[in-house]
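As the structure is a computational prediction, the values presented were derived from the model and not from experiment.
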Amino acid sequence: MGLFNTNATLDQPTTTGMLGQKVQEHLQTRRPWKEFFATREHYSLPNPTLLLTRLKANLLHFHVNYFVIFLVLSAYSIISNPLFLISFIAILALWGYALFIHPTHFTIRNITITNNQRNGILIGITLLLFYMTSAVSTLFWLLGASITVILVHSLLYNPEVNEEKLDFGDI
């Protein structure tokens, strides 16, 4: 079977269609940005005993908004480091070719390369490209900036907390 399902009928949803539908449903739970960037009355320093409750409430309430912020910061980090984008596309192309287009072992000049050897070579190329384009520092910046923005907002935004919705178990 190829990469695309050419035998799909209108009655049978494809994986891509179901994924797109799930993404659309999830994006509909995004809170309005006016609520996210509310007025000063909604922001205050939390009582230390309510830190975890406020964090949980805001992560539940604004999780899609936080993901959008992560995507915006990702776009910024890619724009600010175009070599990272080029290497990332090259890595995706190499891994996509190796895993989806040519998933079995192959032979080059009477040398058979097994799947494990191929994966080892691809990991080496990936690490080399990441090192050459300072991708590790870009990824650390992205994670650090995202976590900082999300934590600051979720700890300072004062929601109307409903304790019944915050059942996370033993977290």
Side-chain angles (χ1 to χ4, degrees), residues 3 15-100 119-171:
L3 186 59
T15 305
T16 307
M18 290 188 315
L19 179 64
Q21 182 181 359
K22 289 282 188 190
V23 168
Q24 286 291 71
E25 289 173 6
H26 197 65
L27 283 176
Q28 288 176 354
T29 64
R30 182 186 57 81
R31 304 298 179 193
W33 291 106
K34 267 189 168 181
E35 180 184 346
F36 187 80
F37 297 113
T39 58
R40 285 188 188 173
E41 296 87 40
H42 283 88
Y43 292 95
S44 65
L45 291 176
N47 182 350
T49 59
L50 295 176
L51 278 176
L52 192 58
T53 304
R54 186 180 280 193
L55 181 69
K56 288 177 185 179
N58 285 327
L59 287 177
L60 268 178
H61 191 70
F62 292 116
H63 67 280
V64 177
N65 298 73
Y66 292 146
F67 184 69
V68 170
I69 288 173
F70 174 77
L71 291 178
V72 168
L73 289 173
S74 298
Y76 172 75
S77 65
I78 288 172
I79 290 169
S80 66
N81 190 352
L83 286 177
F84 173 69
L85 175 63
I86 293 168
S87 69
F88 190 71
I89 290 171
I91 290 167
L92 284 178
L94 285 171
W95 280 95
Y97 177 79
L99 296 176
F100 297 112
N119 292 345
I121 292 168
L122 286 175
I123 288 172
I125 292 170
T126 300
L127 292 175
L128 179 67
L129 283 175
F130 273 3
Y131 175 74
M132 290 172 52
T133 60
S134 68
V136 174
S137 65
T138 301
L139 292 174
F140 274 120
W141 178 89
L142 175 62
L143 286 175
S146 299
I147 289 171
T148 301
V149 168
I150 291 168
L151 277 178
V152 166
H153 181 270
S154 63
L155 290 175
L156 294 181
Y157 186 85
N158 189 12
E160 291 76 35
V161 178
N162 185 354
E163 291 292 337
E164 294 138 17
K165 288 186 176 181
L166 299 178
D167 186 20
F168 278 86
D170 294 330
I171 292 181

> Go through Ser154 and Tyr66 one step at a time and tell me if the side-chain contact (heavy atoms from CB on, under 4.5 Å) criterion holds.
CA-CA 9 Å; Ser154 63; Tyr66 292 146; 3.3 Å; yes

> Would you name the heavy atoms of Ser77 and Ser80 that are closest together and state the gap between them?
O-OG, 3.1 Å

> Rounded to the nearest 0.5 Å, what's the gap from CD1 on Ile78 to CG on Leu73? Could you check?
11.5 Å

> Can you tell me how far the CD1 atom of Ile125 sits from the CD1 atom of Ile91, to the nearest 0.5 Å?
9.5 Å

> According to the side-chain hydrogen bond (donor to acceptor under 3.5 Å, both in side chains) rule, which pairs have a member within residues 86-98, sequence neighbours left out?
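Checked against side-chain hydrogen bond (donor to acceptor under 3.5 Å, both in side chains) - neighbours excluded - the pairs reaching residues 86-98 are Ser87-Thr133, Trp95-Thr126.
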
> Please name all residues satisfying side chain to side chain contact (heavy atoms under 4.5 Å, CB included) with Leu128, sequence neighbours left out, ordered by chain then number.
Met132

> With sequence neighbours excluded, tell me which residues meet ring pair (Phe, Tyr, Trp, His ring centres under 6.0 Å) with Phe140.
none

> Of Leu59, Leu52, Thr53, which meets side chain to side chain contact (heavy atoms under 4.5 Å, CB included) against Lys56?
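The option that passes is Leu52.
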
> What distance do Leu129 atom CG and Ile89 atom CD1 have between them, rounded to the nearest 0.5 Å?
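It comes to 12.5 Å.
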
> Apply ring pair (Phe, Tyr, Trp, His ring centres under 6.0 Å) to Phe70 and list each qualifying residue two or more places apart in sequence or on a separate chain.
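Listed in chain order: nothing, the list is empty.
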
> For a quick test of your reading: what N or O donor-acceptor pairs under 3.5 Å do the side chains of residues 143-150 make, sequence neighbours left out?
{"from": "Ser146", "atom 1": "OG", "to": "Leu142", "atom 2": "O", "distance (Å)": "2.8"}
{"from": "Thr148", "atom 1": "OG1", "to": "Gly144", "atom 2": "O", "distance (Å)": "2.7"}

> Do you know the tightest heavy-atom contact between Asn58 and His153?
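Scanning both residues, the minimum pair turns out to be ND2-O, 4.2 Å.
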
> Got a sec, which residues hit side chain to side chain contact (heavy atoms under 4.5 Å, CB included) with Leu127, two or more places apart in sequence or on another chain?
Ile123

> Who passes side-chain hydrogen bond (donor to acceptor under 3.5 Å, both in side chains) against Thr138, sequence neighbours left out?
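Thr138 satisfies side-chain hydrogen bond (donor to acceptor under 3.5 Å, both in side chains) with Asn81 only.
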
> Can you list everything that forms a side chain to side chain contact (heavy atoms under 4.5 Å, CB included) with Leu71? Sequence neighbours excluded, please.
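So Leu71 forms a side chain to side chain contact (heavy atoms under 4.5 Å, CB included) with Phe67.
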
> Can you list everything that forms a ring pair (Phe, Tyr, Trp, His ring centres under 6.0 Å) with Phe88? Sequence neighbours excluded, please.
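Expected list: Phe84.
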
> Go through the structure and list residues passing side chain to side chain contact (heavy atoms under 4.5 Å, CB included) with Ala93, not counting sequence neighbours.
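Side chain to side chain contact (heavy atoms under 4.5 Å, CB included) check on Ala93 returns nothing, list empty.
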
